[in-house]
Asks: 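Would you mind keeping the following structure in view while I ask a few things?
Predicted model only: the values in this text are computed from it and were never measured. What's counted below: heavy atoms across the whole structure, side chains too, no hydrogens, waters or symmetry copies. Lettering of chains follows the sequences in order, A, B, ..., and the numbering in each one begins at 1.
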There are 2 protein chains.
Amino acid sequence: MVHPLEETLIARQIAPTPMRLLVLDVLQRHPAALSLADVELLLEHADRITVHRTLKTFTEKGLVHRIEDGSGAVKFALCEPQCTPEQHHDLHVHFFCTRCRETSCLPTVAVPTIALPAAYQVQETSLVMKGLCAGCAGIPTSIS
Amino acid sequence: MVHPLEETLIARQIAPTPMRLLVLDVLQRHPAALSLADVELLLEHADRITVHRTLKTFTEKGLVHRIEDGSGAVKFALCEPQCTPEQHHDLHVHFFCTRCRETSCLPTVAVPTIALPAAYQVQETSLVMKGLCAGCAGIPTSIS
DNA sequence: CGGACGATGCAATGCTATTGCATTGTTTCA
DNA sequence: TGAAACAATGCAATAGCATTGCATCGTCCG
Ligand SMILES: [Mn+2]
Ligand SMILES: [Mn+2]
Ligand SMILES: [Zn+2]
Ligand SMILES: [Zn+2]
């Protein structure tokens, strides 16, 4: 009997090393998407470069997807189980909160199909909405 | 009679300095969105920092909009005449070509309205599509 | 004239991402 | 088992973009 975290990695052809299990664990525990710096902070003594290469491997194997939210740092979030590197099944909208700077996947909000002039060959669509998240919406920006 | 470029700046409450006129001119001449480095290259002897602050001023005054295309560098493109810093009227899709790395505004392709769970307060929507542009679509990636 | 203000330009810094390279750990196979 | 082969790790260094600090310059009043 293998640990569930190990199974997840093995299913994606990723050798389950201690560091990778730690990174996967922290990704699973956190609802919001995490940047490289976030993971580094949450894994107190992890080397930044190793985490970077771990996230790169995860991305290449279809375990996580990259989110460019305009915050300056790329965020990472777990993919759906049926995702592969070639074919992603979690083509959803992402939300970036301008107050708490957290980025979330919105699995229930699919990216709509957009028709482009025929000359374009679309490979990928990224839809990021910015504003106040559920937690921040009720809080005024400052007490004045 | 004032020069048309000067009129454009004055209409946006921007003092028409020589540097600003040069940056506006290069933005008008180029169909694709330009990064800070692009403008710096096109304006041979311009100081990088001054161009940076010029683009920042233009953005704050509603003359240009920022495009985060995931290329690593923010791109800038002219807004429609009726845009203001508070209210943009050019909420269109942007296209990033993965081959020539050019980013274009698609003024004819509007960003669709996306319904989010009520708790979210949306301020802005960014929709970037990636693939091959009209010019690059016909060209194979390499001769093999 | 002289101060106030904005614009400019050089230097320095911050932040994120990435590469080089030596070391360590693990698997393979004779 | 033992050595080669390979993968993973960690430290150092570098690259690239963005931003800030600060002194200077120019212009516009008063
Ligand atoms: Mn997601
Ligand atoms: Mn645009
Ligand atoms: Zn928030
Ligand atoms: Zn192209």
Asks: Name the closest nucleotide to the B:His52 side chain, picking from C:dA17, C:dG9, D:dA18.
Replies: D:dA18
Asks: What is the nucleic acid contact for A:Arg20, judged by heavy atoms within less than 4.0 Å: base, sugar-phosphate only, or nothing?
Replies: sugar-phosphate
Asks: Expressed as a whole number of angstroms, how long is the span from B:Gln13:CD to C:dA7:P?
Replies: 12 Å
Asks: Given atom CG of A:Leu22 and atom P of D:dA8, what is their separation to the nearest angstrom?
Replies: 16 Å
Asks: Quickly work out the B:Ile67 CD1 to D:dA18 P distance and round it to whole Å.
Replies: 13 Å
Asks: Once you round it to whole Å, what is the distance between P of C:dC15 and CD of A:Glu40?
Replies: 13 Å
Asks: Assess whether one donor atom and one acceptor atom, taken from the side chain of A:Arg53 and the base of D:dG10, lie less than 3.5 Å apart.
Replies: yes
Asks: Would you indicate which nucleotide in D:dC11, D:dT9, C:dC10 comes nearest to any side-chain atom of B:Ile49?
Replies: C:dC10
Asks: With the side chain of B:Lys56 defined as its heavy atoms from C-beta on, choose the nearest nucleotide among C:dA17, D:dT20, C:dG9.
Replies: D:dT20
Asks: Regarding A:Ser35 and A:Lys75, do their side chains bring together a donor and an acceptor under 3.5 Å, going by distance alone?
Replies: no
Asks: Can you tell me the distance, in whole Å, between the CZ atom of B:Arg48 and the P atom of D:dT20?
Replies: 15 Å
Asks: Can you tell me the distance, in whole Å, between the CZ atom of A:Arg66 and the C1' atom of C:dT18?
Replies: 12 Å
Asks: Run the side-chain contact (heavy atoms from CB on, under 4.5 Å) test on B:Cys133 and B:Cys100 for me, step by step, so that the C-alpha distance in whole Å, both residues' side-chain angles and the decisive distance to 0.1 Å come before the verdict.
Replies: CA-CA 8 Å; B:Cys133 73; B:Cys100 66; 3.9 Å; yes
Asks: Could you tell me whether the side chains of B:Thr98 and A:Gln123 share a donor-acceptor contact shorter than 3.5 Å?
Replies: yes
Asks: Less than 4.0 Å between a side-chain N and a carboxylate O, is that true for A:Glu68 and B:Lys130?
Replies: yes
Asks: Between D:dA18 atom P and B:Glu68 atom CD, what is the distance in whole Å?
Replies: 10 Å
Asks: Could you work out which one of C:dG9, D:dA18, D:dG10 sits closest to the side chain of B:Asp47?
Replies: C:dG9
Asks: Ignoring backbone atoms, test whether A:Thr17 places a side-chain nitrogen or oxygen under 4.0 Å from the OP1 or OP2 oxygen of D:dA8.
Replies: no
Asks: What's A:Ala15 touching, base or sugar-phosphate or nothing? Going by heavy atoms closer than 4.0 Å.
Replies: sugar-phosphate
Asks: To the nearest Å, how far apart are A:His45 NE2 and D:dT9 C1'?
Replies: 17 Å
Asks: Quick check for you: among C:dT8, D:dT20, D:dC11, whose closest atom lies nearest to any side-chain atom of B:Met19?
Replies: C:dT8
Asks: Indicate, with yes or no, if B:Phe58 and B:Ile49 share a hydrophobic cluster defined by side-chain heavy-atom contacts under 4.5 Å among Ile, Leu, Val, Met, Phe, Trp and Tyr.
Replies: no
